[in-house]
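So the structure is just underneath, and the comments pick up after that.
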Amino acid sequence: MDKHQDDSKINLEYDIIRNDFKRAGEASSDIKSILKKIGIDSKVVRKVAIVTYEAEMNIVIHSYGGNIKVTIKSNNIIIEAYDRGPGIENIPLAMKEGYSTATNEVRELGFGAGMGLPNINKCADDFKIKSTPEGTRLLITINF
Ligand SMILES: Nc1ncnc2c1ncn2[C@@H]1O[C@H](COP(=O)(O)OP(=O)(O)O)[C@@H](O)[C@H]1O
Ligand SMILES: [Mg+2]
C-alpha cells in the first residue's frame with residue numbers, strides 16, 4: 001500500500017460563512033444524511049450531528065467564518081472545525097453550561113443558550129480546543 005495512504009475512507013469539507021443564518025445548519029444536515037446513507041450506527045450519527053451543528057453555529061454566530069472537515073475512518077469519525085478569529089478569550093468559561101456572549105439579536109433567533117461547547121464535549125470521545133485571536137480550532141473524535 002502507498003505509504004502516504006491512511007485508513008481514511010471519506011472526507012467531507014464545508015465552508016461556513018459568518019452571520020449566514022439562511023444557510024446555517026446546512027453543512028451539519030448534509031453530513032448527517034451522508035452518514036445515514038452509508039450505514040453509520042444511528043447513535044454515532046446522532047453524536048456527529050450534534051457536534052457538527054454546534055460547531056457550525058458557533059462559526060456562524062461567533063467567528064469571522066471558517067470551515068468544517070469530517071473524516072470517516074474505519075473505527076472513528078474525526079471532526080475538525082476551524083475559523084479565522086476573533087478567538088475565545090477564556091476557554092474554561094466558554095465551556096461552562098449556560099455561558100454565552102450571544103447578542104440579544106442572536107438570542108431572539110433562538111440561539112445563545114450556552115450549551116454548544118458543553119454538548120460537543122459530552123458527545124466527544126476526545127475533544128481538543130485551541131484558540132488565539134487568529135482563530136479557534138476544535139478537534140473532536142467520535143469512536144464507533
Ligand atoms: N468559534 C468561536 N469563536 C469565538 N468564540 C466562540 C466560538 N465558539 C464559542 N465561542 C464563545 O464561547 C461561548 C459559548 O459557546 P456555546 O457553548 O456554543 O454557547 P452559545 O453559542 O450558545 O453562546 C460563546 O458564547 C462565545 O463567547
Ligand atoms: Mg454555540
Side-chain angles (χ1 to χ4, degrees), residues 4 6-144:
H4 297 295
D6 58 17
D7 71 338
S8 66
K9 286 180 174 165
I10 298 173
N11 289 286
L12 309 170
E13 188 168 351
Y14 301 83
D15 283 330
I16 312 296
I17 316 296
R18 74 182 294 194
N19 284 329
D20 186 355
F21 287 95
K22 258 193 202 139
R23 297 194 56 198
E26 280 186 9
S28 46
S29 105
D30 192 64
I31 292 162
K32 187 178 180 180
S33 71
I34 289 169
L35 296 187
K36 270 191 195 166
K37 210 175 289 173
I38 63 173
I40 301 291
D41 179 77
S42 63
K43 273 187 206 150
V44 173
V45 173
R46 203 177 152 267
K47 288 181 189 171
V48 175
I50 292 168
V51 165
T52 54
Y53 177 76
E54 295 298 348
E56 180 177 9
M57 293 315 302
N58 281 354
I59 295 173
V60 171
I61 294 169
H62 305 295
S63 91
Y64 301 144
N67 65 69
I68 292 180
K69 285 182 202 170
V70 177
T71 306
I72 303 159
K73 298 189 179 185
S74 40
N75 298 309
N76 59 29
I77 294 181
I78 314 284
I79 299 146
E80 296 168 84
Y82 295 95
D83 68 56
R84 295 183 285 276
I88 301 173
E89 215 170 293
N90 185 335
I91 291 174
L93 184 60
M95 293 294 302
K96 282 202 176 139
E97 295 192 359
Y99 176 82
S100 177
T101 59
T103 60
N104 285 332
E105 204 184 351
V106 165
R107 285 168 200 260
E108 274 161 23
L109 295 173
F111 305 105
M115 294 304 293
L117 292 176
N119 282 337
I120 289 174
N121 195 34
K122 271 183 208 155
C123 291
D125 290 299
D126 190 67
F127 179 32
K128 291 190 177 75
I129 177 166
K130 274 188 187 166
S131 192
T132 70
E134 284 68 49
T136 297
R137 174 178 183 260
L138 310 182
L139 180 60
I140 294 122
T141 306
I142 293 170
N143 296 330
F144 291 159

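Note that ligands are numbered from 1 as they come in the structure, with each ligand's atoms numbered from 1 the same way. Just so it is clear, the values below take in all heavy atoms, side chains as well, and ignore hydrogens, waters and symmetry mates.
Considering backbone and side-chain N/O atoms, F111 never comes within less than 3.5 Å of an N/O atom of ligand 1. In terms of N/O distances under 3.5 Å, ligand 1 is approached by D83. For ligand 1, the polar-atom distance check against G116 finds a nitrogen or oxygen pair separated by under 3.5 Å. Residue contacts with ligand 1: S100 is placed with a nitrogen or oxygen under 3.5 Å of a nitrogen or oxygen of the ligand (distance criterion only).
Any protein N/O/S atom under 2.8 Å from the Mg ion (ligand 2) was counted, giving 1 altogether.
Residue Y99 places a heavy atom less than 4.0 Å from ligand 1. Heavy atoms of I88 come nearer than 4.0 angstrom to ligand 1 in at least one pair.
Residue contacts with ligand 1, taken as heavy atom pairs separated by less than 4.0 Å, involve A94 via backbone and side-chain atoms alike.
Among all protein heavy atoms, the one lying closest to atom 22 (O) of ligand 1 is G114 N, 2.8 Å. Nearest protein heavy-atom contact of atom 17 (O) of ligand 1 is L117 N, 2.9 Å. For atom 9 (C) of ligand 1, the closest heavy atom belonging to the protein is N58 ND2, 3.6 Å. From the protein, the heavy atom lying nearest to atom 27 (O) of ligand 1 is T101 OG1, 2.5 Å.
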Identify each donor-acceptor pair in which a side-chain atom of residues 111-126 lies under 3.5 Å from a protein atom, sequence neighbours left out, and give them as a table.
{"from": "N119", "atom 1": "ND2", "to": "M115", "atom 2": "O", "distance (Å)": "3.1"}
{"from": "K122", "atom 1": "NZ", "to": "E97", "atom 2": "OE2", "distance (Å)": "3.3"}
{"from": "D125", "atom 1": "OD2", "to": "N143", "atom 2": "N", "distance (Å)": "2.7"}
{"from": "D126", "atom 1": "OD2", "to": "K128", "atom 2": "NZ", "distance (Å)": "2.9"}

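One distance of note links CD1 of I68 with CG of N58; it measures 9.0 Å at 0.5 Å rounding. With rounding to the nearest 0.5 Å, the separation of CD in E80 from CG in N11 is 9.0 Å.
In this model, a donor atom of one side chain and an acceptor atom of the other lie less than 3.5 Å apart for S131 and T136.
Residues Y14 and R23 form no side-chain contact, since every pair of their non-hydrogen atoms from C-beta on lies 4.5 Å or further apart.
Across every non-hydrogen atom of K73 and I78, the tightest pair is CE-CG1, 4.2 Å.
Across M95, E89, H62, heavy-atom proximity to atom 3 (N) of ligand 1 is greatest for H62.
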